[in-house]
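Contents: one structure, followed by commentary.
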Amino acid sequence: RSRAMASVVAESSPPESSTTAGRPAASVVLTAASPESAAAAGTRSDSCGLIGGESRSFAAYARSMDESPRESVQMVWFRDDLRTVDQPALAAAAAAGPVTAVAVLDPAEYAPGPDGHPRQGAAHARFRLESLADLGRRLADLGGRLHVRVGDPVAIVPAIAAEVGARAVHLGGQPCPEERRQERAVARAIAERRPACRVEIHETAGVLPAGSMADADPRCLRVFARFREAIREHLEAAVPVDAPRRIVPGPAPSGSDVLPSPDAAGLAALGLEPLPDDPRADLRFIGGETAGLARIESAGPQLQRHHLH
């Protein structure tokens, strides 16, 4: 089996959804059956073919092969990693069974913060809405479907996991304290509503896995040159995880998909004012994986020259 699945135990992998990669992924598998798993919700550890630290037995593998697709439903909760390429959470889910893909727009992200200003502005919201629309199209091209909801992820994600009968919920881990608290809250709620469901957190947010530079000299953070050298010492070039060749769609949750348009009306739905038409804003980046890959492709020669110098 490819090392692309090193971040998760793949129960039964249909040939059409296999992936090829060499990313040294890191993840934490939370199983409601063990009390220690809830306490481990904020940690990450390397795993390969392990559940709770023990190798899967052949009997467990045989049982997984006899299970119906409904019993092997994998749910992917897309957060800030709105892409199909180099997406370990999506790759792991697609290799393990039918996929129910979900994204949640949380109005609290755009509500005023302690200083009275929105935590995220209209430009961020527009970029995110464009990215979600593009992700929906790319998932559809692979045979899947993106389900978008508006509200609190701590309530919505566990409810959908219970409704579709998910065996596992895959998500990209975030390094910031508030986002990690959200991960733990979601894991606890899933354990309460669907104890048979695992929560699998994959490294999708950074170049290096969290904690990989714990032994670096603290002084390297004070001067960029030292920081750059420390990165070079710790960094191993990873092969990006390929997008799944095909996604078997999982059960659709009840309710209507809600994706506001990236215009004034859509921003108003999130409680934001429309963006002013400022002629100085000549750098108009379109959100989404498709546009991002096109920017990288067009900037390839410049990036190569920068690297050489």
Treating Glu130 as the side-chain partner and Gly287 as the backbone partner, does any N or O pair qualify as donor plus acceptor under 3.5 Å?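 Checking the backbone N and O of Gly287 against the side chain of Glu130, a donor-acceptor pair under 3.5 Å is found.
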Asp134 (side chain) donor-acceptor with Thr290 (main chain) under 3.5 angstrom: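 Side chain of Asp134 to backbone of Thr290, a donor-acceptor pair under 3.5 Å: yes, one is there.
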Could you check Val199 against Val186 for side-chain contact (heavy atoms from CB on, under 4.5 Å), going step by step and ending with a plain yes or no? CA-CA 9 Å; Val199 174; Val186 168; 5.7 Å; no
Indicate the atoms forming the closest heavy-atom contact of [X] with [Y], along with that distance.
X	Y	answer
Pro98	Pro249	CB-O, 3.8 Å
Ile247	Ala94	CG1-CB, 4.4 Å
Pro195	Glu192	CD-O, 4.3 Å
Gln74	Gly97	CG-N, 3.9 Å
Pro175	Arg180	O-CD, 3.8 Å
Ala93	His170	CB-CD2, 3.6 Å

Using the test side-chain hydrogen bond (donor to acceptor under 3.5 Å, both in side chains), find all partners of [X] that sit at least two apart in sequence or belong to another chain.
X	value
Ser256	none
Asp152	none
Arg119	Glu178

Going by the rule side-chain contact (heavy atoms from CB on, under 4.5 Å), which residues pair with Thr84 if we only count those two or more places apart in sequence or in a different chain?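 Scan of Thr84 (side-chain contact (heavy atoms from CB on, under 4.5 Å), adjacent residues dropped) gives Leu90, Leu135, Arg138, Leu139, Leu142, Ala243, Glu289.
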Sequence neighbours left out, what passes side-chain contact (heavy atoms from CB on, under 4.5 Å) with Leu275? Give chain and number order.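 Partners of Leu275 by the side-chain contact (heavy atoms from CB on, under 4.5 Å) criterion, ordered by chain and then number, come out as Ala122, Ala123, Arg126, Leu267.
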Check whether any side-chain heavy atom of [X] lies under 4.5 Å from a side-chain heavy atom of [Y], and answer yes or no.
X	Y	value
Arg149	Ile160	yes
Arg145	Asp257	yes
Leu105	Pro260	yes
Met75	Val157	yes

Linking I/L/V/M/F/W/Y whenever any side-chain heavy atoms sit under 4.5 Å apart, do [X] and [Y] land together?
X	Y	value
Leu146	Val150	yes
Leu259	Phe78	yes
Val76	Val258	yes
Phe127	Val104	no

Check the pair Leu270 / Glu109 against side-chain contact (heavy atoms from CB on, under 4.5 Å), numbers first and verdict last. CA-CA 9 Å; Leu270 296 175; Glu109 293 185 8; over 6 Å; no
Going by atom types only, do Arg79 and Gln182 share a side-chain donor-acceptor pair under 3.5 Å?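 Yes - a donor-acceptor pair under 3.5 Å links their side chains.
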How would you list, by chain and number, every residue that makes a salt bridge (Lys or Arg N to Asp or Glu O under 4.0 Å) with Arg295, sequence neighbours excluded?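 Salt bridge (Lys or Arg N to Asp or Glu O under 4.0 Å) check on Arg295 returns nothing, list empty.
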For the CD atom on Glu229, are there more than 12 heavy atoms of other groups (residues, nucleotides or ligands in this structure) within a distance under 6.0 Å?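 Enclosed: over 12 neighbouring heavy atoms sit under 6.0 Å from CD of Glu229.
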